[in-house]
Number of protein chains: 2
Amino acid sequence: MRRGEPRSEELDPRVARSLQTILHAALEELGDVGYGAFTIESVAARAGVGKSTIYRHWPSKLALIEGAFQTLHEQAAPDIVSGSPRERVERIVRHVAEVVAGKPFSSCIPALIDGAERNRDVRRFHHRFQREARKPLVAVIAMGVECGDFESHIDPELTAIALVGAIFYRRLMTNEPFRPGQAAELVATTFGVATRSRAR
Amino acid sequence: MRRGEPRSEELDPRVARSLQTILHAALEELGDVGYGAFTIESVAARAGVGKSTIYRHWPSKLALIEGAFQTLHEQAAPDIVSGSPRERVERIVRHVAEVVAGKPFSSCIPALIDGAERNRDVRRFHHRFQREARKPLVAVIAMGVECGDFESHIDPELTAIALVGAIFYRRLMTNEPFRPGQAAELVATTFGVATRSRAR
DNA sequence: TCGCAGCGATACGTCAACGTATCACTGCTT
DNA sequence: AAGCAGTGATACGTTGACGTATCGCTGCGA
């Protein structure tokens, strides 16, 4: 083996179990202590696993950290095909707010940001992850502009960033995290005007 | 002494010099290695100072970290009294973008976020700092709403957060940081319509 | 000009984590 | 049923940081 990624090939069940347990513990550890203070020994203790088992599967501490961040991928996608563009935007914004507020992602955001600042591979992963997550929102806004639901002069990418930026800002820079229930309010405030101007 | 805050009282010049040198080095170190990997010995080396000198002024590593973050305060404020509300908002947004992109604040943002997540005092400082920084923007937007320049239904606080949130989001979650020159574009996209609807 | 407070340097003991090695044991695969 | 690959435990040497202590040196204030 000697590769961090869990191979989907047939695998000794003991190995599969180890990998999953360790990655789960590593993600928790990252959320708890952050990127800089992350230690392999804590992960081993948390996972109830020997240090050697970790070193058997990942060549170094950094590789394990990267592996742990990879496990952040699994998230159900919201419905983005039904309803008006405005409704779809609200639904996506609510979904982002839920992910940002929920486990395991929420507690890892600071570690992810700090990790991205220190390590190039973490950074690449982090930025790509965010770009992918933003994509449906940008697409729906662009569609809304095209079909005249939103003002033609707005920039879909920039609007999307203002929306999700507000959610992350509240999580990271204030002690009043954004609640998913406020999604409609955020959309209304941020570019509700554009919708109203059509309804007039 | 034994207190981290630089007293404005009369002070042995050697002490004053030490404090300033050490705090400056500590801030650089935080920007470079982050909160979790911050070490006193590195700060001493970077400052060209004995370890003992640091321990003479701060009781522990954490106290020094807090002291270092305190030094982030100094920033010139933008002009917020002349021009239309719309112009003032643009000026403030541009100023925030400059601070977020400039030294020494920019490189400390990830460390600050991570530090805030791990330590209660850092968190309090961080949130208060952000709240203060947001205040003029919220006030100007509220004024614009009151005097009819902006749509009456927008929430000044939420709008302000969408604006600065976009700037921080670009800094932390993408590899295309927000450039101060895009301030007008951001304002136009986010609530340009509100201004236009009045001009109609 | 004198004396001392603050200085940088350095050494010290402690601890924790890194990454390696070894070793029975156990539960897969065949 | 056999045997081996993967396991947890444990010990090891190394490194680096914590925080303390001690030491001459120096530049500030009286």
Side-chain angles (χ1 to χ4, degrees), chain A residues 1-26 28-30 32-68 111 115 118-119, chain B residues 1-7 9-26 28-30 32-68 111 114-115 118-119:
Chain A
M1 286 260 323
R2 279 286 150 185
R3 280 269 41 82
E5 351 291 305
R7 289 267 155 271
S8 54
E9 313 294 328
E10 297 288 325
L11 206 52
D12 187 326
R14 289 172 295 175
V15 174
R17 225 177 299 135
S18 290
L19 293 181
Q20 180 178 331
T21 309
I22 292 167
L23 283 171
H24 182 250
E28 282 187 357
E29 181 73 8
L30 271 169
D32 282 1
V33 309
Y35 177 88
F38 181 94
T39 71
I40 293 238
E41 316 227 339
S42 290
V43 175
R46 191 192 282 261
V49 144
K51 240 174 38 159
S52 37
T53 304
I54 296 185
Y55 280 107
R56 202 170 290 126
H57 293 296
W58 290 269
S60 73
K61 165 176 159 165
L62 193 56
L64 176 58
I65 290 182
E66 290 178 26
R118 319 284 160 224
N119 176 267
Chain B
M1 286 262 323
R2 279 288 146 186
R3 279 273 39 82
E5 350 293 305
R7 288 268 155 269
E9 313 294 327
E10 298 288 325
L11 207 52
D12 188 326
R14 289 171 295 174
V15 174
R17 224 177 300 136
S18 290
L19 293 181
Q20 180 178 331
T21 309
I22 291 167
L23 283 172
H24 182 250
E28 283 187 355
E29 181 72 7
L30 270 169
D32 281 2
V33 310
Y35 177 88
F38 181 93
T39 72
I40 293 236
E41 316 227 342
S42 290
V43 175
R46 191 192 282 262
V49 144
K51 241 177 32 163
S52 37
T53 303
I54 296 183
Y55 280 107
R56 203 170 289 127
H57 294 296
W58 290 271
S60 72
K61 164 177 160 164
L62 192 56
L64 176 57
I65 289 182
E66 290 177 29
D114 199 54
R118 320 284 159 221
N119 175 268

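A, B, ... follow the sequence lines: proteins, then strands. Residue 1 opens every chain.
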Atom-pair distance (CH2 on B/W58; P on D/dC18), nearest Å:
15 Å
For the pair made of OH in B/Y35 and P in D/dA17, what is the distance, rounded to whole Å?
17 Å
Base-contact (B) and sugar-phosphate-only (S) positions in nucleotides 14-20 of chain C, heavy-atom cut-off under 4.0 Å, - elsewhere:
---SBBB
Assess the residue pair A/R118 and B/D32 against the criterion (side-chain contact (heavy atoms from CB on, under 4.5 Å)); give the C-alpha distance rounded to whole Å, side-chain angles, the decisive distance to 0.1 Å, and a yes or no.
CA-CA 8 Å; A/R118 319 284 160 224; B/D32 281 2; 5.7 Å; no
My understanding is that only residues two or more places apart in sequence, or in another chain, count here; which of them pass side chain to side chain contact (heavy atoms under 4.5 Å, CB included) with [X]?
X	value
B/S52	B/R56
A/S42	A/E29, A/T39
A/A25	A/V43, A/R46, A/A47

Between the protein and nucleotides 27-30 of chain D, list the N/O to N/O atom pairs that are separated by less than 3.5 angstrom.
unit_1, atom_1, unit_2, atom_2, d
D/dC28, OP1, B/R17, NH2, 3.2

Take the C1' atoms of the five end pairs on each side of the helix from C/dT1-D/dA30 to C/dT30-D/dA1, get both axes, and report the angle to 10 degrees.
30°
Taking all non-hydrogen atoms of both residues, which atom of [X] and which atom of [Y] are closest, and how far apart?
X	Y	value
A/W58	A/L19	CH2-CD2, 3.5 Å
B/G34	B/A111	CA-CB, 3.9 Å
B/A44	B/G50	CB-C, 4.3 Å
B/L30	B/Y35	CD2-CA, 4.0 Å

Closer than 3.5 angstrom, by distance alone: can the side chain of A/S18 be matched with the main-chain N or O of A/R14 as a donor-acceptor pair?
yes
Taking the side chain from B/R17 and the backbone from B/D12, do they hold a donor-acceptor pair closer than 3.5 Å?
no
Would you call A/N119 and A/I65 a side-chain contact if the rule is heavy atoms closer than 4.5 Å?
no
Would you say B/H57 reaches C/dA5's phosphate, i.e. side-chain N/O to OP1/OP2 under 4.0 Å?
no
What are the atom names and distances for every N/O pair under 3.5 Å that joins the protein to nucleotides 23-25 of chain D?
none

Mind checking side-chain hydrogen bond (donor to acceptor under 3.5 Å, both in side chains) for B/K51 and listing every partner two or more places apart, or none if nothing turns up?
B/E41
Distance col, row B/I54:CD1 vs B/I40:CD1, nearest 0.5 angstrom, shows 5.5 Å
